[in-house]
Number of protein chains: 2
Amino acid sequence: MRETAHLNETRQEAAASTGGERKRGIDRVIILLEALLRQRAPMRVGDIARLIGAPRSTTYEIVNRLLEADMLETVGGDGHVYFGRAMHLFGWAYSHHNAHYPRIVEALDRLAAETGETAQLCALRGNKYVVLDCRDSTGPFRISSQVGVEVPIPWTASGRLLLTHMSDAAVRAFVPAEDYRLPDGRVIPQDEFLADIALARRQGYSESAGLADRFTWCLAAPIRDARGGVPLTLCFVLPVDTPQERRLALLAQLRERAASLDLTGE
Amino acid sequence: MRETAHLNETRQEAAASTGGERKRGIDRVIILLEALLRQRAPMRVGDIARLIGAPRSTTYEIVNRLLEADMLETVGGDGHVYFGRAMHLFGWAYSHHNAHYPRIVEALDRLAAETGETAQLCALRGNKYVVLDCRDSTGPFRISSQVGVEVPIPWTASGRLLLTHMSDAAVRAFVPAEDYRLPDGRVIPQDEFLADIALARRQGYSESAGLADRFTWCLAAPIRDARGGVPLTLCFVLPVDTPQERRLALLAQLRERAASLDLTGE
DNA sequence: CATGCTTGTCCGATATACTGTACACCTTGC
DNA sequence: GCAAGGTGTACAGTATATCGGACAAGCATG
């Protein structure tokens, strides 16, 4: 399932270049929504058509249908469209189906409010890491966390925790080779990554400095489910120069809060 | 657009009974998601097929495609499916596209935390009223507010505020006749409803007792946009026997908080 | 004014998505 | 054991959704 989802994306980009084949409406819809998510901004129909490699006439047809259904919404005077209210309701239903979700969000709120730091709720989506929700720092150090943007798992502290339920072999099969290359070009040796995961498993938390970028220090703590897996993590995104004393205090707070959220009823 | 959306629903129910015509994949998807939203619980594919009046084979096909795309998710051991993580991300993108949204949610949080009452964020969806988000009361009086469930506008205090930008004629054309009938069978005269709207417009708030059910007293206050419209409301859902003194205090708090949220930049 | 590049709509042809039906499998009840 | 009712998959035919292309209207630019 995950592999297939990944294939869709590559297929999408391929289509954008070739632009040849006839496709189902459903596939177009899925590709369109994913494209809109990655763009994170309203787009005009023409641009959407080009981006997803679909004929203009088809794109208009589909966009209009989605507008009717409130899954898309026109925004601004000209022809820009973005996600619509129906999406909010579907997403709300998804989140709150898990009865623990309000408690988790509350924990996120409190962590952010009490510390003033950027706090995030993280998970996997396919073989990528995503931020599900976040509270931005009140301070001047403002990393605009991109909710919903897929990031290679090895780039993140949370990623190490989210893989703790997997064997080394499973991790090797799961994480694409190119994801070990950091944005600055450095490559994380696979063995080191596996060791990081083992360490995170033993410690019950994970920590990373200057991984995805040079200026951030990340602290992550696991939210465990009934079977001992780690479907979610809470994490802080700190300026890399945060004093060690404060880091330790924040880490303790984070771990305590995350530990109190065991999803025993999933 | 709204009318069309409404037609879809009736068409859906018609299809469930007749079950005759061939339909597009996109339409099936939309109907399926709406059905899942109304059901508010994971369903098995067979049940979905029956509910939306689609052939079983088609339903399997569509559900499997949506599972691949993470728009649906299997839940539990047997074949139940519900909304997937992609929906959360799409919905998050929708909500947070409006830069004011975090402030609005914060206001909702604070209202609920400070008062311990059930607080809701409400809006229109088509010609129906929906709750977009809510914080349940901490007290024993617990009305499980149904986020995303469509409710006839005349049943709600917020509904009156949400129509304040419309002329009487527009309201008459907008609200279906059957929506004036309350759950207990009483019918609100249209003139009375129009007078309520006018009152809400003058007062800058709306109040209703024993409308949708006999046990609730609702207070609603408008969140205005740049053009003076009311795209959103904040409201309290109180036990009907809440003392007047407390109601007045809550109303003042609600109005103040809502007034502070003007969406000047939309 | 012409030119070039948009946007949004319309329409006929055809590739194909959707449907109906059939199948194998499992569980439940008697 | 057999029937009844469920799930999940497979396949061929046809109704039709998708596509390409044409169109008018708009808006720049020179």
Side-chain angles (χ1 to χ4, degrees), chain A residues 1 4 8 11-12 14-33 35-36 39 41-69 71-82 84, chain B residues 1 4 7-8 11-12 14-33 35-36 39 41-69 71-82:
Chain A
M1 172 159 118
T4 325
N8 289 335
R11 218 186 296 153
Q12 162 184 357
S17 55
T18 68
E21 320 142 33
R22 183 175 177 139
K23 265 197 194 133
R24 293 208 284 183
I26 298 191
D27 292 337
R28 298 282 190 206
V29 167
I30 290 169
I31 293 171
L32 190 160
L33 294 175
L36 216 47
Q39 212 69 16
M43 287 199 282
R44 280 176 312 173
V45 184
D47 297 327
I48 296 177
R50 210 171 320 115
L51 182 63
I52 70 177
R56 248 160 34 84
S57 55
T58 306
T59 308
Y60 272 103
E61 169 68 23
I62 288 176
V63 165
N64 286 331
R65 186 68 191 84
L66 294 179
L67 285 172
E68 274 179 24
M71 291 177 63
L72 293 181
E73 220 172 73
T74 63
V75 34
D78 41 359
H80 287 83
V81 299
Y82 203 51
Chain B
M1 171 158 120
T4 326
L7 277 178
N8 289 335
R11 218 188 296 152
Q12 161 185 358
S17 54
T18 67
E21 321 142 32
R22 183 178 178 134
K23 264 194 197 137
R24 291 209 285 183
I26 299 191
D27 292 337
R28 298 282 190 207
V29 167
I30 290 169
I31 293 171
L32 190 160
L33 295 175
L36 215 48
Q39 212 68 16
M43 287 198 282
R44 282 177 309 175
V45 184
D47 296 328
I48 296 176
R50 210 171 319 114
L51 182 63
I52 70 176
R56 248 161 32 83
S57 55
T58 305
T59 310
Y60 271 103
E61 167 70 22
I62 289 176
V63 165
N64 286 331
R65 187 69 191 85
L66 294 179
L67 284 172
E68 273 179 25
M71 290 177 64
L72 294 182
E73 219 173 73
T74 63
V75 32
D78 41 358
H80 287 82
V81 298
Y82 202 52

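Lettering of chains follows the sequences in order, A, B, ..., and the numbering in each one begins at 1.
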Any chance you could list the contact pattern along nucleotides 7-17 of chain D? Use B for base contacts, S for sugar-phosphate-only contacts and - for none, protein heavy atoms under 4.0 Å, 5' to 3'.
BBBB---BBSB
Taking side chain as C-beta onward, heavy atoms only, is B:Lys23 less than 4.5 Å from B:Ile31?
yes
State the CD1-NE2 distance between B:Ile48 and B:His80, to the nearest 0.5 angstrom.
9.0 Å
Report the residue from B:Ile62, B:Asp27, B:Val81 that forms a side-chain contact (heavy atoms from CB on, under 4.5 Å) with B:Leu32.
B:Ile62
Just the rounded figure in Å: distance from P of C:dA17 to CD1 of A:Ile26.
10 Å
CG of A:Leu67 to CD of A:Glu73: how many Å apart, nearest 0.5 Å?
9.0 Å
Starting the side chain at C-beta, find the nucleotide from C:dC18, C:dG20, D:dG20 nearest to B:Thr58.
C:dC18
Rounding to a whole Å, what distance do you find between A:Leu67:CG and C:dG8:P?
11 Å
Is the shortest side-chain N to carboxylate O distance from B:Arg28 to B:Glu61 below 4.0 Å?
no
If you take all heavy atoms of B:Pro42 and B:Val75, which pair is closest and at what distance?
CB-CG1, 3.5 Å
Quick check on the helix from C:dC1-D:dG30 to C:dC30-D:dG1: what's the angle between its two end axes, five base pairs per end, to the nearest 10°?
40°
Just to verify, what does A:Val45 make a side-chain contact (heavy atoms from CB on, under 4.5 Å) with, not counting sequence neighbours?
A:Thr59, A:Tyr60, A:Val63
Does A:Gln39 reach the side chain of A:Leu51, with side-chain heavy atoms less than 4.5 Å apart?
yes
